[in-house]
4 protein chains.
Amino acid sequence: MPSARGARAVRPRRRAEEIIDAAAAVFAERGYHGASTQDVADRLGMRQASLYYYFPSKEAALEQVCLRSVGDFVERAQAIAAGPDRAADKLAAIVESHLAPVETRGDYVRCFLRERRFLPRDSARRIGRVARQYEGILQGVIEAGIAAGELRRDLDPRLTTLALIGMCNAAMEWYGREPNTPLGRIANKFAALVVDGVRATRGASPPSGNRAKGSDGRAGSRPRRRVGG
Amino acid sequence: MPSARGARAVRPRRRAEEIIDAAAAVFAERGYHGASTQDVADRLGMRQASLYYYFPSKEAALEQVCLRSVGDFVERAQAIAAGPDRAADKLAAIVESHLAPVETRGDYVRCFLRERRFLPRDSARRIGRVARQYEGILQGVIEAGIAAGELRRDLDPRLTTLALIGMCNAAMEWYGREPNTPLGRIANKFAALVVDGVRATRGASPPSGNRAKGSDGRAGSRPRRRVGG
Amino acid sequence: MPSARGARAVRPRRRAEEIIDAAAAVFAERGYHGASTQDVADRLGMRQASLYYYFPSKEAALEQVCLRSVGDFVERAQAIAAGPDRAADKLAAIVESHLAPVETRGDYVRCFLRERRFLPRDSARRIGRVARQYEGILQGVIEAGIAAGELRRDLDPRLTTLALIGMCNAAMEWYGREPNTPLGRIANKFAALVVDGVRATRGASPPSGNRAKGSDGRAGSRPRRRVGG
Amino acid sequence: MPSARGARAVRPRRRAEEIIDAAAAVFAERGYHGASTQDVADRLGMRQASLYYYFPSKEAALEQVCLRSVGDFVERAQAIAAGPDRAADKLAAIVESHLAPVETRGDYVRCFLRERRFLPRDSARRIGRVARQYEGILQGVIEAGIAAGELRRDLDPRLTTLALIGMCNAAMEWYGREPNTPLGRIANKFAALVVDGVRATRGASPPSGNRAKGSDGRAGSRPRRRVGG
DNA sequence: GATGAATGAGCTTTCATTCAT
DNA sequence: GATGAATGAAAGCTCATTCAT
């Protein structure tokens, strides 16, 4: 049943959320240290002092941005990892899931990637834990895949994990600047690359080329197809 | 600024170079906007005002850092691209070459990756051109590989290029924090991943796993072996 | 900067006005470049940083000073020029009017005279226009006087204008340092000098010697007597 | 007989003089506090530090500029005052003499007028003395003229002196910016203005209008004619 | 005679933050 | 709930000056 929290509580939350949005946008654009609280206020048509009604400090705002940026990455990855798919498909699904927020919450994710290191020790650690958790899930998928014989035996699970994540994170930077490159296509191609590499198939048929056929240009959707045949 | 005529100008250059080194280190650690010129001076045991004998502005120092960080990336990639190797091997070699500076010039490269966006329009554009050139070389290798039938036909050359570079660049961030991960191993595994993907080989044998055997921990060297058989 | 909507904005304006006063005083005393914003703040018992709540820059403060210094010079001169007096009397009145602010707004006027050249191109031009307008009014009076046969036919209107203004402006520098020289007397004597020169009258009676008799020591008042008989 | 000072002594003097020239120019253009020693060095193609071989401080340079700017004003005025001319003619001659340096040494004079107040107490006083001496000479001429019945009895010698000097000094500011206004004409018209005023002559003929007939456009020359008839 | 290197002091300006209202 | 006013701290930068060479 939908909770009926007092309408009064809705408003301030609302405004605070707007401020975090603005902070994310501004921090993403100019960097945490390059952005001033005035910039944030400007974006909201607010006076700069008013921000301090909602946040005790600039740092606190960054922390909120980073916390929200983490979002449900872990949950979604966990769900995928726990699923019945084969390892390669899971990885592809994680790539897709990882890339999805770039469109809707790009500012947040960019802040996470580039500005979280400016957080105070404490919150940095807290957020770092989440990041490591996320990596752990991927790594688990890879290790399981190797054990099951589904993935190449010579993979280094840790390095592969980092490579995968790095590849995706990089996309956060250039997505939007690359023309004609819908998110779905990126996810698709990235997945194909990771799963099967660049080398032309030796003897065997082209496997994942037809993966997610027709999904080019629209991907973020839930019903993912198995990768490859 | 010191005039640089004749060999006599070697000494002052020395100092300027030291300052750029310090700036790179400080900017890499705290971010351009998070670092103060005082920080740079401190690192050199210099007075802050003295920096301005060598550089007209903090921005100019960043520009120098970024210019130097670009280094010979393009030249090395060009050399590899122009070589006789097969496309997959070229890509592996480029990965190796791309990662090499992380150890010796990590600060520079990190500045380039994270701080170059704070450069004034003009120098940003100049440096952007070099970056695009570099991407072009990679992309050329991939396109040629596809045309030659050496690389999978369904690759998107642009996206593959960006994925590759992104993957490598990400390593710049965590290299050194990951224990027991010598550069050579990273290069090796990254190359293997890109070339052959994660999927267990279908029928055929794992080819590039033994690439650069023994080169683990030492990679940046010139005499690269062919990847795979 | 404080928004200035409605009557509510009166108070803050107050403070800004005080700052401009202080700036005028300090700039007049030490010169624009010789004065620091700290000096201005000191004079107000304010912290230096607080000035920037009211003004975006030191230059902007100078601009305000210069704008205010221009004051109603033009209007007053225009009123006199438009009056029914004879040309010589008009000039005398303008001299008087020109000198009047030296006592009440000497700092402003001195800033205008000596520091306006340090204004940025734009405001310098705007203010220069007002100055030229003022000169134009004087010159107009002289030209009309010549045409009416009231003034010597061999006058150079332009040079006479500049001489007159220069003479008055110079008084801004030494007024207050010359003992026993009330403003009224200065105005009176300057007017007499300009109108009739230094030469003893040839045959004719001393004309303007008794001008404004008794007005010595108090002049700035409106009801000016005709000069001469 | 021409003295034969060692040629060696000529050089350094030479350079020092050049530096003072440059300082005068730069101080005149930007104001003493607005000009940097670097500006002076730039104008000479010298390194900034080299200035200190010739001058112990920036202030000392200003002092030199001001000292030289005073030049032979006093001597020339004294010579005129001591001459046999009538008072009105002497004043006219002094005006001419006063204006003469504007062309050849305008930078010096402008420095004197505007920047001497930034001199340290001591040199300010020394230079102030010279200025007062100069004023005294003029005032003496006026007083003598009055006593001799050549000048109007109602003149205030002090104010008349200051008016005269102020008028001339003002010309230093605009001379060069006023088109088509040769120095001779300025001197001529200023003298005429002061001597006879602006008022059209009453009955008597215009006397000094034809003063220095034909001298318009060339005046600064030595052989001065008597003013007026 | 001149300069490269360096620096102490001070500059204008920015900024996160506070607080009475 | 929001803001006007103010400020401490620090930033980047300039500059007159020094000094060994």
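Letters go in sequence order (proteins before strands), and every chain restarts at 1.
For C/Tyr53, a side-chain nitrogen or oxygen approaches OP1 or OP2 of F/dA5 to under 4.0 Å.
Side-chain contact between D/Ile19 and D/Met46 is present, with at least one heavy-atom pair separated by less than 4.5 Å. Residues B/Val65 and B/Phe112 fail the side-chain proximity criterion, which asks for heavy atoms closer than 4.5 Å. Using a 4.5 Å heavy-atom threshold, the side chains of C/Asp107 and C/Cys111 count as separate.
F/dC15 is paired with E/dG8 under the criterion used here, namely a Watson-Crick or G-U wobble arrangement in which both key atom distances are under 3.5 Å. Of the nucleotides present, E/dA20 is the one that pairs with F/dT3 by Watson-Crick or G-U wobble criteria, both distances under 3.5 Å.
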**Study point:** Residues B/Arg14, B/Glu17; criterion salt bridge (Lys or Arg N to Asp or Glu O under 4.0 Å); working and verdict
**Key:** CA-CA 5 Å; B/Arg14 238 321 191 216; B/Glu17 220 63 43; over 6 Å; no
Provide a list of protein-nucleic acid N or O atom pairs under 3.5 angstrom, restricted to nucleotides 8-11 of chain E.
unit_1 : atom_1 : unit_2  : atom_2 : d
E/dG8  : OP1    : B/Arg47 : NH1    : 3.3

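Rounding to the nearest 0.5 angstrom, the gap separating the CZ atom in A/Arg105 from the CZ atom in A/Arg110 is 12.0 Å. Taking OG of D/Ser69 as the reference point, atom CD of D/Glu115 lies at 11.0 Å (rounded to 0.5 Å).
Of the residues near DNA chain F, C/Gly45 and B/Glu59, the one whose nearest nucleotide (by heavy atom distance) lies more toward the 5' end is C/Gly45.
Closest to the B/Ser57 side chain, of the nucleotides E/dT13, F/dC13, E/dA5, is F/dC13.
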